[in-house]
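Residues: numbered from 1 along the sequence shown. Since the model is a prediction, treat every value here as computed from it, not as a measurement.
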Amino acid sequence: MKAVILAGGRGTRLSEETLLKPKPLVEASGQPLIWHIMQNYAIYGITEFIVLAGYKGQQIREYFANYWLHQADVTFDLATPELEIHKIRSLPWKVSVLDTGIDTNTGGRILRLKDLLREDFLLTYGDGVSDVNIHDLISAHRASDNFATLTAVRPPARFGALNLVAEQVVSFQEKPDGEGSWVNGGFLVLKPEIFDFLDGDSSSFEIDGLPKLAKLGKLGVYKHSGFWQPVDTIRDLQRLEEAISRGLLPWI
């Protein structure tokens, strides 16, 4: 199964970092956010990725194009164009980077995959790091007849909440009072039928797509109680770095 990563937004709330680079390349403890996200997938054998790029997407291409060199021990002979490679810390991953436009909305970016993906696929955002159990998420999806299954998490109440009945999402609630509400954690499994619920570049996956699925009873949920840290602000980035320093992420 392939993992699709939404990586085209401008990340304006993290402008201290994103004026110079796309948000998925913002580093936490020396590695880009997208690297941390992909490492968790790789733990569960998911090593084929499609990155939906937009804003400063050329930097994402350059990161993967030069990945082996950045991870290698190498000697340069500055008198010639030759180099000697001593050790490469490579990864057995296959990464496709697609240009989906600078101003395209999330639904429009996903819709670009309509002619490329004809089987179930994973989807996440390039700015949220989690240790979600991908095997269990896939199993929950396959055990249902839903068109989509999302990972629900319980962060502070500044996020919009999911109203759940049994293991189905029935509606969405904006910024509920109190803490402990389940919210969309951004790690999903989708069937190709999702493309029928999206319409053009201006389509929002979160506003136009998911509520339609919920209304039809085709949006399932997998509850995750482990680590989850979205990175929208510098403070969020600091929280992620603190978690890494405490050894909370299994791939570090």
Side-chain angles (χ1 to χ4, degrees), residues 1-9 11 14 17-100 109 112-113 116-117 119 121-135 137-138 186-187 226-229 231 237-238 240-252:
M1 188 178 291
K2 296 180 177 66
V4 176
I5 302 177
L6 287 162
L14 193 62
E17 295 277 351
T18 57
L19 284 176
L20 300 176
K21 65 182 70 173
K23 193 194 284 190
L25 293 187
V26 171
E27 292 189 356
S29 296
Q31 295 288 356
L33 297 177
I34 197 169
W35 180 90
H36 290 286
I37 294 165
M38 296 166 88
Q39 285 286 358
N40 189 61
Y41 279 112
I43 288 173
Y44 297 97
I46 305 298
T47 58
E48 190 166 353
F49 303 93
I50 301 175
V51 181
L52 303 181
Y55 174 71
K56 296 187 181 296
Q58 74 281 2
Q59 293 187 28
I60 295 177
R61 290 185 182 84
E62 291 166 1
Y63 170 74
F64 289 111
N66 296 316
Y67 184 86
W68 71 270
L69 182 60
H70 292 163
Q71 302 298 320
D73 294 336
V74 59
T75 297
F76 296 95
D77 183 348
L78 300 186
T80 72
E82 297 179 358
L83 57 84
E84 179 182 359
I85 300 171
H86 305 290
K87 182 178 181 180
I88 299 178
R89 301 171 186 85
S90 60
L91 294 169
W93 299 352
K94 182 178 180 181
V95 182
S96 301
V97 181
L98 306 185
D99 179 10
T100 58
R109 296 189 195 280
R112 302 292 179 92
L113 298 170
L116 298 177
L117 294 178
E119 67 281 342
F121 61 97
L122 294 148
L123 176 77
T124 193
Y125 298 85
D127 61 355
V129 178
S130 177
D131 64 354
V132 59
N133 189 310
I134 301 299
H135 279 173
L137 170 60
I138 294 172
F187 288 81
F227 180 81
W228 179 76
Q229 180 60 63
V231 180
L237 185 60
Q238 292 170 344
L240 177 57
E241 291 179 333
E242 290 166 3
I244 293 171
S245 68
R246 291 164 54 197
L248 298 183
L249 305 185
W251 55 88
I252 298 295

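- Donor-acceptor pairing under 3.5 Å is lacking for the side chains of Trp251 and Tyr41.
- The structure places CD of Glu82 at 12.0 Å from OG1 of Thr75, a figure rounded to the nearest 0.5 Å.
- Put simply, CD on Gln31 and CE on Met38 are 12.0 Å apart, with the number rounded to the nearest 0.5 Å.
- Taking 4.5 Å as the limit, every side-chain heavy atom of Phe187 sits out of range of all side-chain heavy atoms of Tyr125.
- Between the side chain of His36 and the main chain of Ala28, a donor-acceptor pair closer than 3.5 Å is present.
- Two residues are said to be in side-chain contact when any heavy atoms from C-beta on lie closer than 4.5 Å; Leu91 and Gln39 meet this criterion.
- Under the 3.5 Å distance criterion, the side-chain polar atoms of Arg109 are left unmatched by any main-chain donor or acceptor of Leu6.
- Between Glu119 and Lys2, the closest side-chain pair of non-hydrogen atoms falls below 4.5 Å.
- Using a 4.5 Å cut-off on side-chain heavy atoms (C-beta onward), Leu137 and Tyr44 make no contact.
- Atom CG in Asn66 sits 11.0 Å away from atom CD in Gln71 (nearest 0.5 Å).
- At a threshold of 4.5 Å between non-hydrogen side-chain atoms, the residues Ile134 and Asn40 count as touching.
- With a 4.5 Å cut-off on side-chain heavy atoms, Leu52 and Val97 do not count as touching.
- The closest side-chain heavy-atom distance from Ser96 to Phe49 is not below 4.5 Å.
- Taking 4.5 Å as the limit, every side-chain heavy atom of Leu25 sits out of range of all side-chain heavy atoms of Leu33.
- Counting non-hydrogen atoms of other residues, nucleotides and ligands closer than 6.0 Å to CZ of Arg246 gives a total of 12 or fewer.
- Across every non-hydrogen atom of Gly226 and Asp131, the tightest pair is C-OD1, 3.7 Å.
- Closest non-hydrogen pair, Asp127 versus Lys23, comes out as OD2-NZ, 2.9 Å.
- Of the possible polar contacts, one joining the Thr100 side chain to the Ala53 backbone as a donor-acceptor pair under 3.5 Å is found.
- Using modelled atom types, no side-chain atom of Glu17 and backbone atom of Glu27 make a donor-acceptor pair closer than 3.5 Å.
- For the atom pair Ile88 CD1 and Leu69 CG, the distance stands at 8.5 Å (nearest 0.5 Å).
- Of all non-hydrogen atoms in Ile60 and Ala7, the two that sit nearest each other are CD1-O, 3.8 Å.
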